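These notes are about the structure you will find just below.
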2 protein chains.
Amino acid sequence: MNGSEIRRSMPLFPISTVMQLTELSARQIRYYEEHQLISPARTEGNRRLFSLNDIDRLLEIKDLLDQGVNMAGIKQLFLLKAQHAEEQEQQAKKAKPELTDEELRKHLRNELLHAGKLNRSSLRQGDLSRFFH
Amino acid sequence: MNGSEIRRSMPLFPISTVMQLTELSARQIRYYEEHQLISPARTEGNRRLFSLNDIDRLLEIKDLLDQGVNMAGIKQLFLLKAQHAEEQEQQAKKAKPELTDEELRKHLRNELLHAGKLNRSSLRQGDLSRFFH
DNA sequence: AATACCATGTTAGAAAACCTCACATGAATA
DNA sequence: TATTCATGTGAGGTTTTCTAACATGGTATT
């Protein structure tokens, strides 16, 4: 998993933000999770926290539903895509140790805090920009 | 204001997420707002919602405090930077009508929903990627 | 036509997260 | 020593989110 993937899978957004970005209702979003089309992270207090990847998925789900595909169909499509992606990875990479959520956060924070430190104060556009490609 | 600026100023994150990304306490973040170093948006219910720009600013604040600059100093630095940025804009741009928050949201949603629609389902990386540079 | 199923709406009650305000504190400074 | 500054902490209240249950309007099936 490279840096971009790490950033895209970071749990950042509450459901209200996701509702606005996707124009889906809370009911819809939870229903899709119930059917395992997404698996948003949870806070200690059990609130959902969505990543950029989650939001992409939701937009895909919305798209496919609009085209008449049902839950089961979407699930199959996602399974296929996952398989395909896995093949790609195996082709290009060697095994690396998995990171826990906590480690991911640490990693991101570290990059955020220390990268480009020399000129942050003088740049019009701040560092966070580097984390969303 | 161009597309990137729109994206970077969208209110997206609750304070808990910002706390983790910046390693600041809620107290600190609110204190900096009190001193008008940041001005996060609010939900209808008065919860703070932070943008990428807000987060950048908080990281700058943290940096400057570490270097011994106090609130007043940081405020002046920000004022200067703002002036500088304004000059740049006036130099390069003609007047454009301002957008309300609601219009911004609409605009982003529209881009999100319709851009790249043809191949979204077949792409490994979804559309949202376009919104964070 | 009646029935069943699917995706979604709605409501209730509980818990988490967030809010403001007030007071406390330790370090630096006058 | 007294003040100021940046931050911690706690109380009490409001908003947001949670799950669970039941309601509903299309579609498909019998």
Side-chain angles (χ1 to χ4, degrees), chain A residues 10-51 54-55 57-78 101 105 113 121, chain B residues 10-51 54-55 57-78 101 105 113 121:
Chain A
M10 276 209 70
L12 297 174
F13 307 100
I15 199 169
S16 53
T17 293
V18 176
M19 289 170 65
Q20 288 190 123
L21 289 176
T22 62
E23 286 188 315
L24 292 167
S25 68
R27 181 66 164 97
Q28 289 175 298
I29 294 169
R30 296 191 190 113
Y31 185 71
Y32 304 152
E33 180 187 18
E34 195 179 327
H35 285 260
Q36 296 158 42
L37 300 182
I38 52 172
S39 299
R42 300 283 181 134
T43 68
E44 282 198 8
N46 200 37
R47 263 90 180 115
R48 272 166 266 254
L49 272 190
F50 298 79
S51 68
D54 289 327
I55 295 179
R57 278 219 156 195
L58 286 170
L59 291 171
E60 275 195 51
I61 293 168
K62 192 176 180 180
D63 227 54
L64 291 169
L65 281 173
D66 278 353
Q67 299 174 220
V69 184
N70 63 10
M71 296 289 109
I74 297 176
K75 193 182 296 192
Q76 291 307 313
L77 282 172
F78 283 177
D101 270 6
R105 243 183 258 288
L113 291 171
S121 300
Chain B
M10 276 208 71
L12 296 174
F13 307 100
I15 199 169
S16 53
T17 293
V18 177
M19 289 169 65
Q20 288 191 124
L21 289 176
T22 63
E23 287 189 312
L24 293 167
S25 69
R27 181 65 165 97
Q28 288 174 299
I29 295 169
R30 296 192 189 112
Y31 184 70
Y32 304 152
E33 180 186 18
E34 195 179 328
H35 286 259
Q36 296 157 45
L37 300 183
I38 52 171
S39 299
R42 299 282 181 137
T43 67
E44 283 197 6
N46 199 38
R47 263 92 182 110
R48 273 168 265 255
L49 272 190
F50 298 79
S51 68
D54 290 327
I55 295 178
R57 279 217 154 198
L58 287 170
L59 291 171
E60 275 194 52
I61 293 167
K62 190 175 182 179
D63 226 53
L64 292 169
L65 281 173
D66 278 353
Q67 298 174 221
V69 184
N70 64 10
M71 296 287 109
I74 297 175
K75 193 182 297 193
Q76 291 307 313
L77 283 171
F78 282 177
D101 269 8
R105 243 184 257 288
L113 291 171
S121 302

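Residue numbers start from 1 in every chain, and the chains themselves are labelled A, B, ... in the order their sequence lines are given, proteins ahead of strands. Given the structure is predicted, the values throughout are model-derived calculations rather than measurements.
Between A:Y31 and C:dA7 there is a side-chain polar atom (N or O) within less than 4.0 angstrom of OP1 or OP2. Applying the 4.0 Å criterion to OP1 and OP2 of D:dA20, one finds that A:R27 has every side-chain N and O outside that range. One finds a side-chain N or O of A:Y32 lying less than 4.0 angstrom from the OP1 or OP2 phosphate oxygen of C:dT8. Considering only side-chain N and O atoms, B:T43 lies nowhere under 4.0 angstrom from the phosphate OP1 or OP2 of D:dT15.
The side chain of B:R42 approaches C:dC19 more closely than any other nucleotide in the set D:dG8, C:dA7, C:dC19. When distances run from any side-chain atom of B:S16 to the nucleotides C:dA17, D:dT19, D:dT7, the shortest one goes to C:dA17. Nearest nucleotide to the side chain of B:M71, out of C:dC23, D:dA6, C:dC18: D:dA6.
Between B:V69 and the choices B:I74, B:D63, B:I61, the side chain to side chain contact (heavy atoms under 4.5 Å, CB included) rule is met once, by B:I74.
One atom, CG of A:L64, and another, P of C:dA7, lie 13 Å apart when rounded to the nearest Å. The distance from atom CD1 of B:I29 to atom C1' of C:dC19 is 14 Å, rounded to the nearest whole Å. For the pair A:D66 CG and C:dA7 P, the computed distance is 13 Å after rounding to whole Å. D:dA20 atom C1' lies 10 Å from atom CD of A:E34, rounded to whole Å. For the pair A:L24 CG and C:dG9 P, the computed distance is 9 Å after rounding to whole Å. What separates NE2 of B:H35 from C1' of D:dT4 is a distance of 11 Å, to the nearest Å. Rounded to an integer number of Å, the gap from B:I15 CD1 to C:dC19 P is 5 Å. Atom CG in B:N70 sits about 12 Å away from atom P in C:dA30, given to the nearest Å.
The main-chain N or O of A:P14 is never found under 3.5 Å from a side-chain atom of A:R47 such that the two would form a donor-acceptor pair.
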Can you list the steps and then say if A:R42 with A:R48 is a side chain to side chain contact (heavy atoms under 4.5 Å, CB included)?
-> CA-CA 5 Å; A:R42 300 283 181 134; A:R48 272 166 266 254; 2.9 Å; yes
From CA spacing to verdict: side chain to side chain contact (heavy atoms under 4.5 Å, CB included), A:T17, B:F13 | CA-CA 8 Å; A:T17 293; B:F13 307 100; over 6 Å; no
A:V18/A:D54 under side chain to side chain contact (heavy atoms under 4.5 Å, CB included): CA gap, chis, key distance, verdict = CA-CA 9 Å; A:V18 176; A:D54 289 327; over 6 Å; no
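At the heavy-atom level, A:R48 lies under 4.0 Å from the strands shown only through sugar-phosphate atoms.
The residue among B:A26 and A:A26 whose nearest nucleotide of DNA chain C lies closer to the 5′ end is A:A26.
In the interface, the side chain of A:R47 is paired with the base of D:dT17 through a donor and an acceptor atom under 3.5 Å apart.
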